[in-house]
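Accompanying notes for the structure given below.
Lettering of chains follows the sequences in order, A, B, ..., and the numbering in each one begins at 1.
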There are 2 protein chains.
Amino acid sequence: MLTKWLNNMANNKKDQTTEQRILQAAKKVFIHKGMAGARMQDIADEAGINKAMLHYYFRSKEKLFEVIFREAISNFVPRLHAIFAMRNSLFEKIQVFCREYINVLSENPYIPLFVVNEANKQPYEFLNTMFGNQKPDLSGLLLQIEEEIQKGIIKPISPAQLLLNMMSLCIFPFLGRPIWKFLSGMDDLQFNFLMQQRNDEVASFVINSIKK
Amino acid sequence: MLTKWLNNMANNKKDQTTEQRILQAAKKVFIHKGMAGARMQDIADEAGINKAMLHYYFRSKEKLFEVIFREAISNFVPRLHAIFAMRNSLFEKIQVFCREYINVLSENPYIPLFVVNEANKQPYEFLNTMFGNQKPDLSGLLLQIEEEIQKGIIKPISPAQLLLNMMSLCIFPFLGRPIWKFLSGMDDLQFNFLMQQRNDEVASFVINSIKK
DNA sequence: GTCTATAACTCGATAGAC
DNA sequence: GTCTATCGAGTTATAGAC
């Protein structure tokens with residue numbers, strides 16, 4: 001057990017357990033090709049093992065996919081819930097929303113494409129599973145926006161549009177990354193720098209737009 | 001020929017040629033399931049014809065996909081090029097950019113997911129084909145932003161971030177549509193209304209944020 | 001042009017030796 | 001635990017009658 005744990009700590013391929021190598025390979029292949037496009041053979045090749053081993057460890061392609069997916073969102077969804085449940089001033093909320101969102105996605109840059117694809121195929125079923133049958137409650141935030149407009153603190157704007165704007169600004173770059181790199185000619189290093197910079201700037205961009 | 005043309009004009013299924021019905025069905029299925037997830041049987045069923053007819057008209061699944069895709073972007077890409085090539089004031093440019101972008105995508109709401117997916121699989125090859133080996137030139141717009149900041153017309157902002165913001169605000173809603181519908185509880189009608197409203201509001205949102 | 005039947009192939013899954 | 005070999009379901013693609 002200790003040996004296994006020690007092995008787990010090493011990132012070196014040779015020191016990884018087969019199970020870990022499979023998980024790492026599957027993640028990569030599923031992200032690039034999606035559930036339908038991914039082949040067990042691709043995953044086996046990527047992991048440098050035999051196809052039969054995949055079934056030995058995870059029984060089926062579907063189960064393997066599920067493990068990957070649950071691991072990916074297990075850390076992600078609670079943080080989303082937390083963001084929507086916060087009780088701060090609107091400007092603070094916007095700041096935390098953007099920072100947390102971009103941080104979470106920077107750590108898991110493949111999640112947006114993954115989620116967007118599955119959600120497009122099986123919206124209700126997939127998203128329900130993803131959010132553990134408990135969808136984040138937007139109404140608190142939407143109501144707060146409404147109130148701040150009434151009070152004259154921010155400029156009039158449709159609360160739904162404002163929230164959609166925030167989501168767009170935080171999520172899109174991770175979906176459009178290859179397109180942006182192609183158009184701008186940036187390399188990975190430059191793109192990552194852009195994302196880091198963005199972490200500070202997005203909230204300001206939103207707040208600048210609505211503050212009086 | 002005239003008869004065929006007249007047939008083309010009718011949207012009624014019975015008056016369409018088999019070829020048209022296949023294309024329409026294929027579009028629908030490919031959008032919902034992606035290239036890998038789509039089944040020729042699904043397309044045949046959707047078109048109300050036999051599977052063999054698909055091959056009679058388009059030889060292979062790959063060729064059919066290609067036809068759908070080329071048709072989809074043939075109208076799309078030139079308009080993108082035009083947007084970047086415009087010679088107006090920055091605020092006018094932002095307005096046209098957002099309006100044109102959202103208009104184009106409202107007419108082809110499936111393109112973003114399509115492009116984002118393909119671009120993630122084969123960035124360079126795919127995007128080059130898509131843009132006809134002639135990538136839109138961002139530098140004009142980026143330079144103009146730089147200049148307006150120097151002149152003190154707009155607040156300081158990284159030109160790249162500003163452009164990425166505009167793209168995010170215009171494109172993301174079409175990718176995140178099912179997620180947004182799930183979270184907000186909106187139906188298709190409400191969502192489409194949101195997009196129409198957005199057409200007017202996005203440019204204002206951007207301009208509000210950067211104008212002094 | 002359209003259909004039925006079936007060949008050819010891909011891919012997930014399993015059996016069984018080591 | 002790991003491998004090779006192979007099965008069987010599901011799919012793309014084609015042959016051939018009408």
Residues in side-chain contact (heavy atoms from CB on, under 4.5 Å) contact with [X], at least two apart in sequence or another chain:
| X | answer |
| --- | --- |
| A:Ser158 | A:Ala160, A:Gln161, B:Gln197, B:Glu201 |
| A:Ser209 | B:Phe205, B:Asn208, B:Ser209 |
| A:Thr18 | A:Arg21, A:Ile22, A:Ile49, A:Tyr57 |

- prompt: Looking at five pairs on each end of the helix from C:dG1-D:dC18 to C:dC18-D:dG1, what is the angle between the two axes, given to 10 degrees?
  reply: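 Angle reported: 10°, given to the nearest ten degrees.
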task: Locate the shortest heavy-atom distance separating B:Leu127 from A:Pro178; write the atom from each residue and the value.
output: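 Closest pair (atom of B:Leu127, atom of A:Pro178, distance): CD1-O, 3.8 Å.
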message: In whole Å, I'd like the distance from the CG atom of B:Asn50 to the P atom of C:dT4.
response: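 Going from CG in B:Asn50 over to P in C:dT4 covers 6 Å.
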message: If I take atom CZ in residue A:Phe65 and atom C1' in nucleotide C:dG12, what distance separates them, rounded to the nearest angstrom?
response: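 My rounded result for the distance is 16 Å.
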message: For B:Tyr110, give me all partners under ring pair (Phe, Tyr, Trp, His ring centres under 6.0 Å), at least two apart in sequence or on another chain.
response: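 For B:Tyr110 there are no ring pair (Phe, Tyr, Trp, His ring centres under 6.0 Å) partners, ignoring immediate neighbours.
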- prompt: For residues 164-174 of chain A, which residue pairs qualify under side-chain hydrogen bond (donor to acceptor under 3.5 Å, both in side chains), counting only residues two or more places apart or in two chains?
  reply: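 Applying side-chain hydrogen bond (donor to acceptor under 3.5 Å, both in side chains) to every pair that reaches into residues 164-174 of chain A, excluding sequence neighbours, yields A:Asn165-B:Arg198.
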Looking at residues at least two apart in the chain, or sitting in another chain, which of them share a salt bridge (Lys or Arg N to Asp or Glu O under 4.0 Å) with [X]?
| X | answer |
| --- | --- |
| B:Arg59 | none |
| B:Asp188 | B:Arg177, B:Lys181 |
| B:Glu71 | B:Lys27 |

- request: With heavy atoms under 4.0 Å as the rule, sort B:Tyr56 into base, sugar-phosphate or nothing.
  value: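 Base contact.
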What's touching nucleotides 6-11 of chain C from the protein side, N or O pairs under 3.5 Å?
from, atom 1, to, atom 2, distance (Å)
C:dC11, OP1, A:Arg39, NE, 2.7

- prompt: Got a sec, which pairs hit salt bridge (Lys or Arg N to Asp or Glu O under 4.0 Å) with one end in residues 106-118 of chain B, sequence neighbours left out?
  reply: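 Passing the test, one end in residues 106-118 of chain B: B:Arg79-B:Glu107, B:Glu118-B:Lys121.
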Nucleotide interval of DNA chain D bounded by contacts with chain B (heavy-atom cut-off, under 4.0 Å):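 Counting from the 5' end, contacts occupy D:dT11 to D:dT14.
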